[in-house]
Each structure stands twice: as structure tokens, then as C-alpha cells.
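Single-structure report; data block below.
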Amino acid sequence: MEKDSEMLERIAALERELRTLRAEVQHLKEHATIGQIATIKKEAPKAIVQPKPLVQKDPSAVHEKTAPKKEKRSLEETFTRALPRIFMVILVLGILWGLKLVSDYGFLSDSVKIIAGFALSIGLGICAFLMEKKQKGSRVVALSLYGGAFIVGILVTAAGAILYDVLHLYVALIVALAYIVYGVLISYVKGNEALTALVVLTSLLLPYLLEYMKFSALIIGIFVLLLFAVVQVVIWKHAQRKALYIGMAFSVLALGIVSAFHSGHAVFFAFSAVALYSIFTGSFLHLYSSKSKRNASMLFSFTVIVLSLVNVMLLQKEATLVIVLIVLLGILASSLYIAFKRGDRLLIDMFGTLCAIAILNIIAQLNISSEVMLLLMILVSFAGLTLALKHAIVFMKWVQGITFSMLSLFVLMFYIVQPFFSIEHLTIVLVIVMLVALYWILRQYKRTPVDNKNRLLGLEDFYPCLLYMVALLYIWKLDWAYMPLHFTSYFVFSAIAIGFTAVLIGSRALIGRLLPVLAAGIYGFAALVLLSTIWIDEQAVTVALIIRILYIAIFWMIVADLWKHGRIFKNHETLFARYTEQITLAGMFVSIVWFFNATHFMNFHELINWSTAVIFNTVSIFLIACLSLFLAAKRNYRQLKLVGIVLLFFGIIKMIFFDLSALDILIRSILFILIGAVGLVISNKLLSKGKAD
């Protein structure tokens with residue numbers, strides 16, 4: 001009985017807890033329902049009011065919203081989705097080669113092969129339709145089958161008309177057009193970008209069939225334009241930018257190839273290219289995303305391609321070319337106005353630059369020549385590079401940078417500066433100005449690195465070296481073009497010396513770390529060339545001597561700046577503060593070598609006699625020795641002091657054992673008196689310094 005009563009009490013407690021839980025759950029349900037209704041009422045007005053200002057601010061945002069959001073795929077998924085297309089191409093090639101093999105062995109007639117080809121095309125389309133209807137297999141495979149049906153049909157039609165002569169040409173044309181209509185419709189319905197690009201690419205084989213059928217060039221050009229215009233319906237509906245670029249590229253290629261076979265219709269094909277570009281620009285503006293710099297670079301590339309193609313087509317027809325260029329300029333100006341209305345800074349810069357390029361091209365027609373065309377190409381590439389750097393467009397930056405570099409290298413290496421007022425000389429000057437401006441632009445728009453790692457060398461180290469070499473190359477060209485033959489190279493030597501001084505004095509932030517080393521190396525090499533050059537024209541002796549004095553004066557100016565802690569010392573303090581004594585020692589030896597070389601040079605050209613040269617050599621040794629001892633006493637440089645003492649003894653030995661035979665008694669006495677007096681003064685100075693220490 002007791003157990004039964006305990007069980008009843010437990011059951012009653014559980015029932016009470018169950019009623020409590022039910023009450024809490026009901027309360028939560030009612031609370032959630034009321035909260036959801038309140039939330040819906042609060043959010044409903046926002047959903048209605050919000051879109052209106054977006055449409056007014058940026059029309060391109062509408063296209064971004066309506067365009068389907070493409071999922072980001074991994075590399076593995078991308079390869080997996082590409083496999084059906086790859087295998088479809090392999091299948092088509094295998095079938096075509098198999099048919100050729102069967103044809104070679106004579107198993108099937110040409111008519112049977114063409115019928116089999118059409119059967120295969122229709123069969124692939126039916127397979128794709130059944131896969132989608134029964135929902136079996138992958139959609140990617142079904143799309144590949146649709147594309148394969150189109151490719152096989154076009155290729156079989158072309159083979160039947162051109163290779164095997166089975167189909168009548170007009171019948172083949174009708175069949176090809178039917179396949180193109182099928183391709184456009186299936187692309188419109190399926191909305192796959194790869195399928196659209198494949199249809200456009202394969203359809204552009206039809207112009208070659210038309211060419212084989214001896215159709216007029218007008219019909220071929222109109223077909224290319226119509227095909228590209230019709231495909232825009234698919235591209236606009238599904239926002240397929242890649243298909244737009246692929247279609248534009250191969251349409252321009254088709255026009256260019258066909259125009260090469262019909263040179264008499266160059267004007268028509270030039271206007272066709274401009275019309276094609278206008279269609280492309282309209283679609284580009286419709287699909288443009290302000291966040292995509294790659295799309296902007298594609299616009300610039302296609303504009304330059306069309307501009308170049310028009311120039312090539314109408315190279316011999318200047319008046320017509322100007323008209324075509326004016327039409328193209330009108331298209332660009334209209335696009336610039338649309339970009340201005342949208343307020344898109346990137347598009348404004350892009351179309352503004354393209355308008356300027358078109359205007360330059362029109363101006364170039366006033367005196368068309370290969371030099372003017374090259375100058376125009378350099379301006380176009382520089383403008384594109386500047387635009388790419390400003391907006392950090394990577395693809396465009398590499399393409400235009402490589403183009404500008406190659407054109408500039410060609411100009412600097414092979415163009416001459418004579419006559420002075422010529423297109424070639426102007427081109428060289430403009431290239432140098434562009435290189436300087438490019439350095440400023442690179443520093444202006446330089447992006448902050450993602451990581452904080454300090455690079456060993458950067459742009460600010462290499463680019464000034466490039467500018468320095470280009471400047472010396474230009475001066476060398478001027479030297480050889482305009483200086484007299486016996487004065488040739490002295491202008492360059494002067495520029496090297498002055499440039500080295502400017503580099504040392506200039507700001508380290510502008511010249512970088514490599515340029516001082518490069519300028520010092522070139523300066524030292526030029527000094528060695530000067531010292532080793534003795535045989536020169538008599539008219540250039542004075543100039544050669546002045547240049548030698550300039551070089552040694554610059555060297556001692558650097559040494560004096562180190563001792564005075566001047567601007568050069570402050571710019572390179574980390575280096576010169578440690579090696580001031582060593583650089584001064586090097587200056588002493590270089591000075592002695594220079595004095596000996598200068599006296600030999602002057603004696604060789606009979607500016608002084610042998611006795612005077614001997615006196616100058618000896619005096620120079622004692623002067624350098626005294627200067628070494630004087631400087632050593634100021635800063636307690638032991639090595640410099642030792643070198644000064646060694647030079648004194650060397651001068652005394654030279655004077656006693658080698659110079660006495662070359663000097664008369666009067667000169668000996670004067671020389672010994674002067675050197676002895678100076679030696680006593682220096683000795684007294686050294687001894688006084690030693691006592692003070």
C-alpha cells in the first residue's frame with residue numbers, strides 16, 4: 001500500500017510539471033507571433049521606400065542587381081565543370097578524324113559522311129534535350145551537348161560545301177544560317193556564358209564560307225555586324241561580359257582578315273569596324289560595373305585595337321581616315337558624356353584619355369609618316385600606362401608598360417638627334433620627359449604594401465638609375481652629333497662629372513640607394529679613361545686639361561665636404577662617418593697620381609719643359625704630405641699621419657737622388673729652401689700637437 005501511495009504522489013507531481021511546461025510553451029508561441037508581426041510592420045515601409053534613391057544615384061546599380069550573382073568556385077570545381085566541354089571537343093575531333101579515315105579507305109561516300117555528320121549533330125541535341133527533360137545527368141554536360149550539336153552542324157555544313165562539294169553553296173548557306181539561329185536561341189534560353197561565346201566564335205566561320213562563295217564584301221561585313229548585334233540580346237539578358245569580349249575580339253579579327261582580301265573596300269570595312277565598336281561600347285556601358293577595373297582595361301584595349309585597325313585599313317586614304325576618326329571621336333565623346341552623367345571617375349578618365357588619343361591621331365594625319373605614327377603609338381601607350389597606374393588596373397598596367405618600354409627602348413637606341421629640329425629628336429626628348437613624368441606618377445600613386453616587410457631594393461632604387469643612364473645616352477648622342485670631331489666625348493665627360501656631383505647633393509628620397517653607387521662607378525671609369533688618354537688633337541689640349549682639373553676638383557670638394565660635415569656628408573652619413581679617414585687617404589694617393597699624369601700630359605704636349613715637370617712632381621708630393629699631416633693633426637688620424645710622414649721621406653729621397661741631376665743650382669736652392677721651411681713649420685705643428693695631447 002505504501003508503494004502504491006508513493007507512485008500516485010509521483011504521478012501527480014509529473015502532471016503538475018507537465019501543465020507548467022505547456023503553459024510556458026504557449027506563452028512563448030504567443031510572444032513570438034506578436035514579435036514577428038511587429039517586425040514585419042516595421043520593415044515593410046523600408047522595403048518600399050529604399051530602392052528609389054539607388055536608381056537616381058547610380059543607374060549601373062540596376063544592372064548589378066538584376067545580373068545573376070555568380071557563385072565563387074574553387075579551382076577543383078572549375079576544372080570539374082570544364083571537363084565536359086573538353087571531352088566534347090575531343091569527341092568532335094575524334095569523330096571528324098574517324099570520318100576522314102573512313103573516307104581515305106573508301107568505306108563511305110562523301111554524301112553518306114555528310115548525312116552521318118548531320119545525324120550526329122541532331123542526335124547530340126536530342127540527347128541534351130532528353131537529359132534535361134528527364135533530369136538525368138549534369139546540366140553542364142547537357143550544355144556541352146547543345147554546344148557540340150552546334151559545332152558539328154557548322155563544321156559538317158562547311159565541309160559539305162567546301163571540301164566535298166556535296167551541298168549546293170546556297171543550300172549550305174541556308175543550313176548554316178539555320179544553325180546560327182539555333183545557336184543564338186539556345187544561348188538565349190540557357191543563359192550559359194561559355195555556350196554563348198562558343199556560338200559566336202563558331203558562327204564567325206560563316207564569313208569564310210561566304211568568301212568561298214564569292215559573295216560581295218559588303219554582305220560579309222554586314223553579316224558580321226548583324227551577328228554581333230543579335231548576340232547582344234543574349235549578352236544583355238544574362239549580363240555576359242566575357243562573351244561580349246570574346247565576340248568583339250573575333251568579330252574584329254574577322255573584319256580584319258576579310259578586309260585583307262578586299263583592299264578595294266577598305267572604306268566600308270573601316271566604317272564597319274567603327275560600327276562594331278559603337279555596338280560594343282553600348283553593351284559595355286549597359287553592363288559596366290564601377291568596381292571592375294579589368295573591364296575598364298578591356299575597353300581601352302579594344303579601343304586601341306580598333307583605332308589601329310582603322311589606321312591600317314586607310315593608310316593611303318588620308319581624307320577618309322580623318323572622317324572615320326571623327327566618327328570614332330564622336331562615339332567616344334558621347335560615352336564620355338554618359339560617364340560624366342553617372343559620375344564614375346574611372347570611366348571619365350578612361351574615355352577622356354581615349355578622346356585625347358583620337359584627337360592626336362587626327363592631328364597626326366596632317367603629316368602622316370612612320371616617325372609620326374611611332375610618336376603617336378608612344379603617346380597612346382604612355383596614356384594607357386598612366387591611366388592604369390592611377391586606377392591600379394593590373395592587366396592594363398602590364399600590357400601598356402611592356403608596350404611603352406619596348407617602343408621607348410627602340411627610340412633611345414636607334415633614333416638620332418640630327419637635325420636638331422626633327423621628329424626623331426622630338427620623339428627622343430618626349431620619351432625622356434615621359435620617363436621622368438612616369439617616375440613622378442609611380443611615386444604619386446604608389447600603393448601601400450600589404451605586409452610590413454622591408455624590401456632590400458625597390459622602385460625608388462632602380463628607376464633613378466634608369467633615368468641617369470637615359471640622360472647620359474642622350475648627352476652622348478648630342479656630343480657625337482654637334483661637337484667638333486677633336487672635341488668629341490668631352491661634353492659627355494663634363495656631364496658625368498656634374499651629374500655625379502648632383503647625385504651626391506640631391507635628396508636621398510629621390511635618387512634612391514643604387515644611383516650614387518652607379519654614378520660613382522661611371523665617374524671613376526671616366527676618370528681612368530681621361531688619365532690614360534695622352535694622344536689627342538692639339539686643338540683640344542686646353543679643354544682636356546680643364547676637364548682633368550674639373551675631375552680632381554670635384555673629388556677634393558667631396559673630401560672637403562666630409563671634413564666640414566656638409567650636405568654630401570649628411571646625405572650619406574652612415575657611410576662617410578665610418579670611412580672619412582680611408583676616403584681621405586685615397587684622395588691623397590689619387591692626387592699624387594693625378595699630378596704626375598698632368599705634368600706628363602703637359603710635358604708631352606710641350607706646355608712645360610722636363611725640369612718644370614720634375615719640380616711640379618716633387619712639390620706635389622710635399623704638398624700632399626703636408627696636407628696629410630695637417631689633417632691628421634686635426635682629428636688624430638694615425639693612418640693619415642703615417643701616410644704623410646712616408647710621403648715626406650719619399651719626397652726627400654726623390655729630391656736628393658733623382659731630381660738633382662735635372663735641376664740647375666738656382667732652382668735647387670729655391671726648391672730646397674721652400675721645402676725646408678715648410679717642413680719645419682709642419683714639424684713644429686706636429687710636435688706642439690703632441691705636447692698638448
Side-chain angles (χ1 to χ4, degrees), residues 378 381-382 385-386 388-389 397-398 400-415 417 427-449 453-480 489-530 550-551 554-555 557-558 561-562 567-576 579 583 586:
I378 293 173
S381 60
F382 178 73
L385 181 58
T386 304
L389 290 172
K397 179 170 63 176
W398 280 104
Q400 299 300 325
I402 293 173
T403 305
F404 178 72
S405 301
M406 294 178 63
L407 294 176
S408 300
L409 181 63
F410 176 81
V411 168
L412 293 173
M413 294 301 296
F414 299 106
Y415 268 28
V417 296
T427 305
I428 295 175
V429 174
L430 284 178
V431 166
I432 296 174
V433 172
M434 289 177 191
L435 288 172
V436 176
L438 185 60
Y439 182 47
W440 181 86
I441 292 169
L442 288 169
R443 292 174 59 86
Q444 189 76 12
Y445 297 113
K446 184 179 179 182
R447 298 293 188 262
T448 305
K453 295 180 180 179
N454 293 323
R455 292 176 297 174
L456 184 62
L457 294 172
L459 171 72
E460 61 278 2
D461 299 315
F462 287 104
Y463 205 97
C465 297
L466 172 65
L467 294 179
Y468 186 78
M469 296 298 294
V470 168
L472 290 182
L473 178 62
Y474 176 65
I475 293 172
W476 178 80
K477 285 178 177 288
L478 291 176
D479 194 352
W480 278 88
S489 73
Y490 289 115
F491 185 40
V492 175
F493 281 125
S494 304
I496 290 173
I498 297 171
F500 177 54
T501 307
V503 167
L504 292 178
I505 296 175
S507 172
R508 286 295 302 275
L510 292 175
I511 63 176
R513 291 172 288 180
L514 287 182
L515 183 54
V517 179
L518 176 65
I522 296 175
Y523 174 84
F525 178 76
L528 289 176
V529 172
L530 281 174
L550 174 65
Y551 268 69
I554 289 175
F555 189 85
M557 178 202 72
I558 297 171
D561 186 272
L562 299 186
R567 184 178 179 85
I568 299 176
F569 178 84
K570 291 177 181 177
N571 285 343
H572 309 275
E573 186 173 359
T574 55
L575 175 66
F576 289 151
Y579 299 104
I583 294 174

Intermediate values then yes/no, side-chain contact (heavy atoms from CB on, under 4.5 Å), Ile558 and Phe500: CA-CA 11 Å; Ile558 297 171; Phe500 177 54; 3.5 Å; yes
Heavy-atom closest contact (Lys477 atom, Met413 atom, distance): NZ-O, 3.8 Å
Spatial distance of atom CE (Met469) from atom CD1 (Ile522) [nearest 0.5 Å]: 5.0 Å
Flag if over 12 foreign heavy atoms under 6.0 Å of CE, Met557: yes
Minimal non-hydrogen separation, Asp479 against Tyr490, with atom names: OD2-N, 3.7 Å
Atom pair CG (Leu515) and OH (Tyr468), whose distance is rounded to the nearest 0.5 Å: 7.0 Å
For Leu550 against Ser494, the heavy-atom pair lying closest together: CD2-CA, 4.5 Å
Ring geometry between Phe493 and Tyr551 (parallel below 30°, tilted from 30 to 60°, perpendicular above 60°): perpendicular
Worked verdict on Tyr474 versus Val417 for side-chain contact (heavy atoms from CB on, under 4.5 Å): CA-CA 9 Å; Tyr474 176 65; Val417 296; 4.0 Å; yes
Rounded distance [0.5 Å steps], CG in Leu504 versus CD1 in Ile568: 5.0 Å
Between OG1 on residue Thr427 and CG on residue Leu412, distance to nearest 0.5 Å: 10.5 Å
Check: Leu435 main-chain N/O paired with Tyr463 side-chain donor or acceptor under 3.5 Å: yes
Distance-minimising heavy-atom pair for Ile511 and Gly506: CD1-O, 4.1 Å
Whether Ser408 side chain and Ser405 backbone form a donor-acceptor pair below 3.5 Å: no
CA sep, side-chain torsions, deciding dist, call: Phe382, Leu438, side-chain contact (heavy atoms from CB on, under 4.5 Å): CA-CA 9 Å; Phe382 178 73; Leu438 185 60; 4.2 Å; yes
Worked check of side-chain contact (heavy atoms from CB on, under 4.5 Å) between Ile583 and Leu562: CA-CA 9 Å; Ile583 294 174; Leu562 299 186; 3.9 Å; yes
Which atom of Leu514 lies closest to which atom of Phe462, heavy atoms considered: CD1-CE2, 3.7 Å
Gap between atom CG of Asp561 and atom OG1 of Thr501 - 0.5 Å precision: 11.0 Å
Approximate separation, where rounding is to 0.5 Å, of Leu528 CG and Tyr523 OH: 11.0 Å
